[in-house]
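Worksheet for the structure shown next.
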Amino acid sequence: ARGPMPSDSQHLKRIGLFPLHYSCPFEMSEPLGDQLIVTHQGEALSINISARGMLLLMDQAPELRQKLKVQVPTPLTMINTPTRAEVRWTRQIPIEEDASRYLVGVRFLVRPSSS
């Protein structure tokens with residue numbers, strides 16, 4: 001006989017994915033020469049977070065591979081930490097006839113270490 005099934009939260013923690021529902025300010029930027037120019041600012045809702053990335057709920061669908069600076073809420077202190085991320089996928093969620101929201105999966109970008 002099988003034992004009790006783990007709850008969703010136990011399963012998510014075991015695979016290193018934590019539910020985290022907070023507002024996340026973000027900036028979209030585009031390279032212009034050797035500088036980044038901010039093209040859009042907004043707020044997303046974080047759905048969950050892991051060491052590699054996070055799932056956001058957004059009002060618009062960013063382009064795949066779009067670079068973002070996201071204010072990531074830190075679970076223990078709830079201090080927003082600015083982090084560079086890249087859009088990996090989007091999925092439209094129809095809300096009403098003429099309104100949609102978008103699930104957006106982003107991967108955190110690791111800055112190369114200077115040697």
Fill in the blank from the handout: Result for side chain to side chain contact (heavy atoms under 4.5 Å, CB included) between Leu45 and one of Leu56, Leu57, Leu55 points to Leu57
Exercise for the section: Establish whether Val38 and Val70 are linked, either directly or via other cluster members, by ILVMFWY side-chain heavy-atom contacts under 4.5 Å. Expected result: no
Practice task
Taking salt bridge (Lys or Arg N to Asp or Glu O under 4.0 Å) as the test, write out the residues that go with Glu43, two or more places apart.
Solution key: none
Practice task
Mind checking salt bridge (Lys or Arg N to Asp or Glu O under 4.0 Å) for Arg91 and listing every partner two or more places apart, or none if nothing turns up?
Solution key: none
Completion exercise
Here the gap from Phe108 atom CZ to Thr83 atom OG1, rounded to the nearest 0.5 Å, amounts to 6.0 Å
Fill in the blank from the handout: Going by chain and number, the hydrophobic cluster around Ile37 (ILVMFWY, side chain to side chain under 4.5 Å) further includes Leu32
Problem - Gap between atom OG of Ser29 and atom CD of Gln41 - 0.5 Å precision - result: 10.5 Å
Problem - Spacing of CD belonging to Gln66 relative to OG1 belonging to Thr90, to within rounding of 0.5 Å - result: 11.5 Å
Handout entry: Qualifying residues under side chain to side chain donor-acceptor pair (under 3.5 Å), relative to Glu86, sequence neighbours excluded
Key = Lys67, Arg88, Arg107
Practice task
Kindly state each residue pair satisfying salt bridge (Lys or Arg N to Asp or Glu O under 4.0 Å) with at least one member in residues 48-63, sequence neighbours excluded.
Solution key: Asp59-Arg101
Handout entry: Side chain proximity check, His40 to Pro62, heavy atoms < 4.5 angstrom
Key = no
Handout entry: Residues forming a side chain to side chain donor-acceptor pair (under 3.5 Å) with Gln35, sequence neighbours excluded
Key = none
Fill in the blank from the handout: What one should report as the nearest heavy-atom pair of Cys24 and Ser46 is SG-CB, 3.6 Å
Practice task
Identify, with sequence neighbours excluded, every residue that meets side chain to side chain donor-acceptor pair (under 3.5 Å) alongside Thr39.
Solution key: none
